[in-house]
Amino acid sequence: MRFQGLLDTAEAMIASDKGLLAMDESTTTCNKRFEKVGIPQTEAARRSYREMILTTHGLSECISGVILYDETIRQSCKDGTPFVKVIANAGIIPGIKVDIGAKDMAGHPGEKITEGLDGLRDRLTEYSHMGARFAKWRAVIVIVDNSPSRGCIEANAHALARYAALCQEAGLVPVVEPEVLMDGDHTLARCYEVTEDVLRTVFNQLFTQRVTLEGMILKPNMVLPGLACPRQETVDEVADATVRCLLQSVPAAVQGIAFLSGGQSGELASARLNAMNVRFKSRLPWALAFSFARAIQQPALEIWKGKETHVSAAQHALYHRARCNTAARRGEYTAAMERAGA
Ligand code: 13P
């Protein structure tokens with residue numbers, strides 16, 4: 001029964017051309033993004049921002065699930081309605097980030113290991129009682145010179161698999177996020193090689209830890225050249241490399257794939273997801289969806305700037321990006337959508 005519930009949730013998260021909206025920035029990350037656009041870094045401002053997002057009219061047409069942060073899952077709208085209730089009333093599935101961040105890895109200068117396994121079983125029980133039906137854990141892999149190292153890839157993959165097993169035990173769908181960062185001047189070929197290695201290692205560990213693949217969502221990076229790489233491949237080349245890499249490393253039983261945006265512009269993230277679906281959708285064993293934070297939120301954040309009078313325009317921008325990504329899932333996104341929505 002619990003197992004069936006897990007599968008139903010995973011299926012619903014990936015259904016109907018919708019995707020996930022990641023709004024699980026830690027307080028530190030959220031404050032950094034607020035600072036850049038001149039918003040006060042307070043609990044009250046973070047709460048108002050999240051209320052602006054969650055009360056966007058029509059959000060559930062495009063968004064199947066939202067990923068919350070520990071602070072956010074405990075917050076309410078100013079009329080007192082808990083955020084989790086607002087989300088569930090809209091027909092959206094509430095989820096929660098459960099890792100406690102990527103920390104410097106001992107013996108591996110420049111590399112990170114994600115922490116949060118201690119006490120995780122109890123925290124998952126608490127979040128489940130609060131209404132969460134899925135969880136997220138992000139591992140961070142950096143490409144520089146000889147990194148990532150074997151030690152870093154294996155430790156992160158092991159942690160992801162132990163987290164995923166604990167989630168499934170608690171009846172929560174694990175969103176497994178091994179992110180190979182875009183920072184650096186590496187080529188697309190190097191990103192391909194690292195992403196393939198990371199994904200194969202992650203799935204080995206998921207198998208060893210007895211994780212049910214039908215009851216999980218993979219949240220990978222797209223295969224991209226580093227931001228500072230002089231050669232930036234076309235949208236179609238990125239789509240081809242990403243799908244080829246996933247076919248080499250992700251078992252067909254996985255319920256769905258929902259990409260992170262990783263610092264790509266909203267338009268590029270939509271265009272690349274669209275190209276993958278246009279070119280490959282009918283031939284893939286899994287759906288290709290989105291689980292974007294910045295590529296959905298950024299324009300809305302820049303418009304909102306903490307001002308009540310900007311809420312409606314910010315919500316319009318958020319809804320627009322969500323719609324573009326739903327269209328990209330269908331392979332129907334066009335540049336004209338951007339002009340019409342601007
Ligand atoms: P971005 O889409 O901004 O990369 O965020 C996704 C996410 O959940 C990061 O953990």
Side-chain angles (χ1 to χ4, degrees), residues 13-14 18-34 36-37 49-50 53 62-73 93-103 112-116 132 134-143 156 159-160 163-164 167 173-184 191 195 198 202 216-224 226-227 238 242 256-273 288-302 317-318 321-322 324-326 328-329:
M13 287 166 70
I14 220 79
K18 298 184 190 180
L20 306 177
L21 167 58
M23 46 183 291
D24 60 330
E25 301 82 6
S26 66
T27 299
T28 317
T29 302
C30 190
N31 284 347
K32 271 192 212 146
R33 292 189 186 155
F34 277 15
K36 275 199 187 134
V37 288
Y49 178 59
R50 266 71 185 247
I53 293 177
C62 315
I63 300 297
S64 55
V66 294
I67 316 177
L68 303 171
Y69 178 60
D70 183 74
E71 177 180 80
T72 324
I73 199 171
I93 306 171
I96 179 80
K97 168 204 183 83
V98 298
D99 66 74
I100 58 169
K103 309 286 160 68
K112 301 280 181 194
I113 177 71
T114 301
E115 295 187 351
F134 70 95
K136 185 198 99 168
W137 178 293
R138 171 175 175 254
V140 178
I141 308 291
V142 195
I143 304 182
N156 275 294
L160 275 167
Y163 135 83
C167 285
V173 172
V175 173
V176 172
E177 181 181 6
E179 175 174 6
V180 178
L181 295 185
M182 293 168 71
D183 301 329
C191 178
T195 303
V198 167
V202 167
M216 65 160 274
I217 305 288
L218 177 70
K219 176 165 172 166
N221 52 282
M222 295 183 193
V223 173
L224 304 169
L227 281 170
V238 165
T242 303
I257 296 180
F259 292 102
L260 59 94
S261 58
Q264 304 172 66
S265 71
E267 287 85 349
L268 260 184
S270 298
R272 287 163 169 166
L273 176 62
L288 295 183
F290 57 91
S291 175
F292 297 157
R294 282 162 289 180
I296 294 181
Q297 291 183 42
Q298 195 59 31
L301 175 67
E302 286 167 15
L318 189 89
R321 287 257 55 82
C324 287
N325 290 312
T326 304
R329 271 207 64 180

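Since the structure is predicted, the reported quantities are computational estimates derived from the model, not experimental observations. Position 1 is the first residue of the sequence, and the numbers go up from there. Atoms within a ligand are numbered from 1 in the order they appear, just like the ligands themselves.
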Taking only heavy atoms of [X], which atoms of ligand 1 are found under 4.0 Å from at least one of them?
{"X": "G262", "result": "1 (P), 2 (O), 4 (O)"}
{"X": "K219", "result": "6 (C), 7 (C), 8 (O)"}
{"X": "F292", "result": "2 (O)"}
{"X": "S261", "result": "1 (P), 2 (O), 3 (O), 4 (O)"}
{"X": "A22", "result": "8 (O)"}
{"X": "E177", "result": "7 (C), 8 (O), 9 (C), 10 (O)"}

Short side-chain donor-acceptor distance under 3.5 Å, [Y] and [X]:
{"X": "D99", "Y": "T114", "value": "no"}
{"X": "N221", "Y": "T195", "value": "yes"}
{"X": "S265", "Y": "R294", "value": "no"}

N or O contact, L260 vs ligand 1, cut-off under 3.5 Å
no

Is the closest heavy-atom distance from K136 to ligand 1 below 4.0 Å?
yes

Answer with yes or no whether A295 contacts ligand 1, where contact means a heavy atom under 4.0 Å from a ligand atom.
no

Looking only at atom types and distance, does a side-chain atom of S270 sit under 3.5 Å from a main-chain N or O of G266, one as donor and one as acceptor?
yes

In Å, rounded to the nearest 0.5 Å, how long is the span from CE of M182 to SG of C191?
9.0 Å

Of the side chain and backbone of R294, name the one, both, or neither that has a heavy atom under 4.0 Å from an atom of ligand 1.
both

K32, NZ: over 12 other non-hydrogen atoms inside 6.0 angstrom
no

Salt bridge flag under 4.0 Å for residues E71 and K97:
no

Shortest protein contact, atom 5 (O) of ligand 1 (heavy atom only)
A293 CB, 3.2 Å

Would you say that Q297 contacts L21 through its side chain, given a criterion of any heavy-atom pair below 4.5 Å between the two side chains?
yes

